[in-house]
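Below you'll find the structure, written out as structure tokens, and then a few comments.
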Amino acid sequence: MTRRIDFNCDMGEGCGDDPAIAPYISSASIACGGHAGDEDTMGATVALCLRHGVAVGAHPSFEDREHFGRREQTLAPAEIAALVGRQTAALQRVCDPAGARLHHVKPHGALYNLAARDAAVAAAIVGAVRALDDTLVLYALAGSALARAGREAGLRVAEEVFAERGYDADGRLLARGLPGAELDLDAAIAQVRTMLREGVVVAADGSRVPVRADTLCLHGDRPGAAAFARRLRAALEAEGVSVMAPHA
């Protein structure tokens with residue numbers, strides 16, 4: 001039974017009710033100019049996190065606002081490292097004068113999914129994070145190539161599971177649009193309880209996939225995200241689970 005977990009949400013994307021979500025989470029991954037976000041939105045989101053004691057993280061992505069960073073691109077590892085470093089540094093520049101400490105880095109969307117399976121992409125992201133600040137926590141899909149690369153490089157890694165997204169039998173998220181890819185609230189709470197109690201997620205084909213759950217993600221851009229956040233936090237506390245940022 002998991003007794004402690006981080007509850008994180010993607011924020012500053014211009015499409016969610018961040019102020020209504022922030023009281024229920026322990027860390028936030030903030031869009032920093034790739035798929036969404038600019039200096040003003042980063043500043044407002046950092047201030048919101050400080051107000052609620054939420055750990056601040058960077059959410060770098062493919063630089064593709066048209067598709068919200070959810071379309072895969074073919075880039076050389078050096079280009080991927082550069083965009084991760086550039087976007088994370090942009091958030092760091094907002095954090096410093098606000099008195100906020102940058103806590104973690106979590107890739108977004110297509111970049112996150114690509115890094116989960118592609119060792120070269122994972123290594124590029126890890127290299128960029130280490131070059132910027134090797135004390136940052138790397139958020140990565142549980143059991144993924146990115147999680148392995150981070151640990152091998154000596155980074156602190158938080159393996160991530162998802163509350164309201166369905167899984168396939170290899171532990172990856174089902175592609176959006178497929179049946180079972182997005183769960184309703186009751187199904188999400190049931191999935192979280194199974195992860196916490198048994199250390200597995202039930203995939204779309206019924207198989208039971210082992211997962212390590214250091215941090216639990218809720219997508220802030222989904223409909224009703226604030227209600228999800230409130231109910232999920234209540235469900236975690238009902239299970240006797242302490243909610244706090246990794247390595248706090």
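Just so it is clear, the structure is predicted and the values come from calculations on it, not from any experiment. For the single chain, residues carry numbers from 1 onward in sequence order.
Looking only at atom types and distance, the side chain of Q92 has no donor-acceptor partner in the side chain of D133 under 3.5 Å away. At a cut-off of 3.5 Å, with distance as the only test, a side-chain donor of D6 or T215 sits close to an acceptor on the other residue.
Put simply, the side chain of R233 reaches to within 4.5 Å of the side chain of F7, judged on heavy atoms. Contact annotation: the side chain of Q87 approaches that of E63 to within less than 4.5 Å [non-hydrogen atoms, C-beta and beyond]. No side-chain heavy atom of T45 sits less than 4.5 Å from a side-chain heavy atom of V94. Two residues are said to be in side-chain contact when any heavy atoms from C-beta on lie closer than 4.5 Å; L75 and L83 meet this criterion. By the 4.5 Å heavy-atom criterion applied to side chains, Y167 and V161 are counted as neighbours. Counting heavy atoms from C-beta on, the side chains of P246 and D214 never come closer than 4.5 Å. The closest side-chain heavy-atom distance from D17 to P19 is below 4.5 Å. Using a 4.5 Å heavy-atom cutoff, the side chains of V84 and L111 are in contact.
Listed here is the closest heavy atom pair of A81 and A128: O-CB, 3.4 Å. Heavy-atom minimum distance, A98 versus V46: CB-CG1, 4.1 Å. When all heavy atoms are compared, the tightest approach of A175 to A181 is O-CB, 3.3 Å. Nearest heavy atoms, C95 versus L102: SG-CD1, 4.3 Å. Residue C32 comes nearest to A58 through the heavy atom pair SG-CB, 4.2 Å, listed as atom of the first residue, atom of the second, then distance. Closest of all the heavy-atom pairs between I25 and S27 is CD1-O, 3.5 Å.
No side-chain donor-acceptor contact under 3.5 Å links Y139 to the backbone of H59. In this structure a side-chain-to-backbone donor-acceptor pair under 3.5 Å is missing from Q191 to G166. Listed for the D18 side chain is a donor-acceptor partner under 3.5 Å among the backbone atoms of G12. Proximity of a side-chain donor or acceptor of R156 to a complementary backbone N or O of R151 within less than 3.5 Å is not detected. With hydrogens and angles disregarded, no donor-acceptor distance shorter than 3.5 Å links the side chain of E13 to the backbone of A31. R208 places no side-chain N or O within 3.5 Å of a backbone atom of V200 that could act as its donor or acceptor partner. Judged purely by atom type and a 3.5 angstrom limit, Y112 uses its side chain to pair as donor or acceptor with the backbone of L141. Looking at E159, its side chain does come within 3.5 Å of a backbone N or O of G143 through a donor-acceptor pair. Using modelled atom types, no side-chain atom of H103 and backbone atom of H247 make a donor-acceptor pair closer than 3.5 Å. Using modelled atom types, no side-chain atom of R3 and backbone atom of V241 make a donor-acceptor pair closer than 3.5 Å.
Annotation for R231: atom CZ does not count as buried by contact number, only 12 or fewer foreign heavy atoms lying within 6.0 Å. Around atom CD of E237, more than 12 heavy atoms belonging to other residues, nucleotides or ligands sit under 6.0 Å away. Open room surrounds CZ on R130; 12 or fewer heavy atoms of other groups in view lie less than 6.0 Å from it.
Atoms CZ and OG1, on R101 and T135 in that order, are 6.5 Å from each other to the nearest 0.5 Å. Rounding to the nearest 0.5 Å gives a distance of 6.5 Å between CD1 of I80 and CD1 of I125. For the atom pair NE2 of H104 and CG of N8, the computed distance is 6.0 Å after rounding to the nearest 0.5 Å. Between the CD1 atom in I30 and the OG1 atom in T88 there is a gap of 11.5 Å [rounded to 0.5 Å]. If you take CZ on F162 and CD on E182, they are separated by 12.0 Å, rounding to the nearest 0.5 Å. Distance check, rounded to the nearest 0.5 Å: CG of D10 to CD1 of I21 gives 9.5 Å.
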Residue pair Y24, L218: steps toward the side-chain contact (heavy atoms from CB on, under 4.5 Å) verdict:
CA-CA 11 Å; Y24 302 106; L218 171 69; over 6 Å; no

side-chain contact (heavy atoms from CB on, under 4.5 Å) evaluation trace for R165 with R176:
CA-CA 9 Å; R165 291 294 309 279; R176 292 176 184 272; 3.5 Å; yes

Full working for side-chain contact (heavy atoms from CB on, under 4.5 Å) between V201 and T194
CA-CA 7 Å; V201 63; T194 300; over 6 Å; no

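Under the 4.5 Å side-chain heavy-atom criterion for Ile, Leu, Val, Met, Phe, Trp and Tyr, L50 and M42 are members of the same hydrophobic cluster. Clustering ILVMFWY residues whenever any of their side-chain heavy atoms sit less than 4.5 angstrom apart, transitively, puts L173 in a cluster other than the one holding V202. Under a hydrophobic clustering in which Ile, Leu, Val, Met, Phe, Trp and Tyr are joined whenever their side-chain heavy atoms come within less than 4.5 Å, directly or via other members, L232 and V243 fall into the same cluster. L174 and F228 are members of different hydrophobic clusters when ILVMFWY side chains are connected at heavy-atom separations under 4.5 Å. Under the 4.5 Å side-chain heavy-atom criterion for grouping Ile, Leu, Val, Met, Phe, Trp and Tyr, V54 is connected to L236 within one hydrophobic cluster.
Between R117 and D168 there is no salt bridge, since no side-chain N of the basic residue sits under 4.0 Å from a carboxylate O of the acidic one. Ion pairing of R197 with E239 is present here, as a side-chain N (NZ or NE/NH1/NH2) and a carboxylate O approach within less than 4.0 Å.
In this structure, H108 has its ring center closer than 6.0 angstrom to the ring center of F68.
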